[in-house]
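Have a look at the structure below, then the notes.
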2 protein chains.
Amino acid sequence: MTPPRDLPPTGVLERGLLLLSLFTQQTPVLQLKDLSAASGLDKATILRALKTLVAWGYLEKRPDGSYSPGPANLRMAAIYRQTSNFVRRIEGAIVSISDAIGQTTSFFVRSNGERVCLARDNVHRDFRYFIEVGATVPLADGGAAARLLLAYTDPDSPAHAKIRSEARYISRGERNRHLASVAVPVFEGDGTFLGTLTITGMAADLDDETLLRFSRIAADELARVGLSVAASR
Amino acid sequence: MTPPRDLPPTGVLERGLLLLSLFTQQTPVLQLKDLSAASGLDKATILRALKTLVAWGYLEKRPDGSYSPGPANLRMAAIYRQTSNFVRRIEGAIVSISDAIGQTTSFFVRSNGERVCLARDNVHRDFRYFIEVGATVPLADGGAAARLLLAYTDPDSPAHAKIRSEARYISRGERNRHLASVAVPVFEGDGTFLGTLTITGMAADLDDETLLRFSRIAADELARVGLSVAASR
DNA sequence: CCTCTTGTTTCATTAAATGAAATGTGGTTC
DNA sequence: GAACCACATTTCATTTAATGAAACAAGAGG
């Protein structure tokens, strides 16, 4: 999940994956022109890659000639869920946490300059803050989760040291004026950083005091499944 | 979704995608040795591909050195779901159908010698027959859905002509001794083949008469969302 | 009918992928 | 603990496959 170079990628496979990465929830349908502009690659090069990507079902060509992700991704995602045992542990913790605090709880990892939602509670489907599993948000868009992910995966992120020392981050109205959230880092038992668990709710209901309390509850529940909010044992 | 060649693929991108295709629900974790044996590619070649696949999050390297699908697939799957409007239409039809008949209804497409479940009803979660969205089964394993998919995507499949002319297939105890199911083809309004809708239940409850009736109900509901069980208008 | 935009094919040039062999690493056996 | 084995990883001269500029096709719109 190390972010790849940012300017001109080389190597056919890497270029193919770069093309996939251009499809986002904001722009899920792209045509050759767009892909060329966004990637800086030659149209002929892209066309070749698209052909095989489509043949294998990772993209599909729409009637109007544009491209969008294909069903092969569904297949791979299902295997990922099945395999990733820590996703399953996280899911358990999330259920306990959202039961205990009555707010939306979700877990994000960093992947390629974005945060991917790996799990969320499916109880508190608040229409004001509803995020699907697999949904992605650019890290640059900010928010508690993004800042924490940056602090733990990017040595020269803003407030790097401060966030790390506190091992949490509270944001108010950063991405949505009415929301507040607290994010805590999640570490594997052996100290490797996994991602961030975020609790979100209406800002009016949640003062800093409450959010801090929630983060402590989260830490307790994570500990129950062998996960930790601190790198060192 | 055209199945790629069957013997030795060339081209780096295609080789990378081949590697991904080796991960299945039956074998979700593979090591270099396995990938080499299964693909026939040189270990050095594979290792290079794995490195970039891991860097972009499509695979992840486990502590013991083996590989499994990574979170980037979740991201792509989420976009696919959002985009694929026909999946949404199918979902609508599935709800209506399973409401009407009280049995498990699911929709499969062919992808690379396997059938992928794109949608299923989430009402009749019968423990005897429960398939997740994204789940895959090798086409060679048989079953009503597999036979129908083969008949419509593989010109030299067994009983090709017969199945096509009937536009349905009933199976009894083929994959599970106690189950019976009927599969019907699904076509886009313009006549392009999409996949197969399958109704499954306990064999004891479902005689051929009933299954045929179900398939007619399915055809009606599909028609309501602009889909068809026959290629020609 | 002409023009602009986007997609597709071609082909000589060049760079990137290849894979056999050598080396590294961890685990198992005696 | 030495010798062995299985598997992972790196190296590097060779060769193959990717590249992209340009030419061509296909619409869309005026």
Side-chain angles (χ1 to χ4, degrees), chain A residues 1-2 4-23 27-70 83 188 190-192, chain B residues 1-2 4-23 27-70 83 190 192:
Chain A
M1 277 190 279
T2 313
R5 57 170 80 52
D6 36 15
L7 284 174
T10 174
V12 213
L13 180 54
E14 201 152 20
R15 290 180 173 190
L17 300 181
L18 169 68
L19 290 178
L20 291 184
S21 78
L22 297 178
F23 293 87
T27 60
V29 178
L30 298 171
Q31 48 187 2
L32 183 57
K33 172 191 57 153
D34 306 322
L35 292 165
S36 177
S39 67
L41 297 173
D42 190 277
K43 287 186 297 176
T45 304
I46 296 175
L47 211 57
R48 277 189 297 263
L50 289 179
K51 211 164 262 178
T52 76
L53 252 9
V54 167
W56 288 77
Y58 288 89
L59 289 181
E60 55 184 22
K61 191 167 188 174
R62 327 190 103 220
D64 66 349
S66 57
Y67 297 85
S68 61
T83 316
E188 187 60 88
D190 64 3
T192 54
Chain B
M1 278 192 283
T2 312
R5 59 170 81 47
D6 36 16
L7 285 174
T10 176
V12 212
L13 180 53
E14 200 153 20
R15 290 180 174 190
L17 300 182
L18 169 68
L19 290 180
L20 291 184
S21 78
L22 297 178
F23 294 87
T27 59
V29 178
L30 298 171
Q31 48 186 1
L32 183 57
K33 174 191 55 153
D34 306 322
L35 292 165
S36 177
S39 66
L41 297 173
D42 190 278
K43 288 188 295 177
T45 304
I46 296 175
L47 211 57
R48 277 188 298 263
L50 289 178
K51 211 164 261 176
T52 77
L53 253 8
V54 168
W56 287 76
Y58 288 90
L59 289 181
E60 56 186 20
K61 192 168 187 173
R62 326 192 104 219
D64 67 349
S66 57
Y67 297 84
S68 60
T83 316
D190 64 4
T192 55

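Values below: all heavy atoms of this structure, side chains included; hydrogens, waters and symmetry mates excluded. Naming convention: chains lettered A, B, ... in sequence-line order (proteins, then strands); numbering from 1 in each chain.
- In terms of the side chain to side chain contact (heavy atoms under 4.5 Å, CB included) criterion, residue partners of A:Thr27 (sequence neighbours excluded) are, by chain and number, A:Thr24, A:Leu30.
- The side chain to side chain contact (heavy atoms under 4.5 Å, CB included) test applied to A:Ser68 returns A:Val29, A:Glu60, A:Arg62, B:Thr83, not counting sequence neighbours.
- Residue B:Tyr58 holds its OH atom at 10.0 Å from CG of B:Leu17, rounded to the nearest 0.5 Å.
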B/S/- contact track for nucleotides 25-30 of chain D, protein heavy atom under 4.0 Å: ------
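- Taking OG of A:Ser21 as the start and CD of A:Glu14 as the end, the distance is 10.0 Å to the nearest 0.5 Å.
- End-to-end axis angle of the helix from C:dC1-D:dG30 to C:dC30-D:dG1, from C1' rotation axes over five pairs per end: 40° (rounded to 10 degrees).
- In this structure, CG on B:Leu22 lies 9.5 Å from CG on B:Asp34, to the nearest 0.5 angstrom.
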Audit row: A:Leu35, A:Leu41, side chain to side chain contact (heavy atoms under 4.5 Å, CB included) steps and yes/no: CA-CA 8 Å; A:Leu35 292 165; A:Leu41 297 173; over 6 Å; no
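- A straight line from CG of B:Leu41 to C1' of C:dT18 spans 11 Å, rounded to a whole angstrom.
- Taking 4.5 Å as the limit, some side-chain heavy atom of A:Phe23 sits within range of a side-chain heavy atom of A:Pro69.
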Close N or O pairs between protein and nucleotides 7-9 of chain C (under 3.5 Å):
| unit_1 | atom_1 | unit_2 | atom_2 | d |
| --- | --- | --- | --- | --- |
| C:dG7 | OP1 | A:Leu32 | N | 3.4 |
| C:dG7 | OP2 | A:Lys33 | N | 2.8 |
| C:dG7 | N7 | A:Lys43 | NZ | 3.3 |
| C:dT8 | OP1 | A:Lys61 | NZ | 2.9 |
| C:dT9 | OP2 | A:Lys51 | NZ | 3.3 |

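- Taking CG of B:Leu47 as the start and OG1 of B:Thr52 as the end, the distance is 11.0 Å to the nearest 0.5 Å.
- Heavy atoms only, all atoms of each residue included: A:Ser36 and A:Ile46 are closest at CA-CD1, 3.3 Å.
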Pull out every protein N or O sitting under 3.5 Å from an N or O of nucleotides 15-18 of chain D, one pair per line with the distance.
| unit_1 | atom_1 | unit_2 | atom_2 | d |
| --- | --- | --- | --- | --- |
| D:dA18 | OP1 | B:Val12 | N | 3.4 |

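- For B:Lys61, the side chain to side chain contact (heavy atoms under 4.5 Å, CB included) partners at least two apart in sequence or on another chain are B:Tyr67.
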Residues B:Leu18, A:Trp56; criterion side chain to side chain contact (heavy atoms under 4.5 Å, CB included); working and verdict: CA-CA 9 Å; B:Leu18 169 68; A:Trp56 288 77; 3.9 Å; yes
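- For A:Thr45, the side chain to side chain contact (heavy atoms under 4.5 Å, CB included) criterion is met by A:Arg15, A:Asp42, A:Arg48, not counting sequence neighbours.
- As a whole-Å value, the separation of B:Leu18 CG from C:dA17 C1' is 16 Å.
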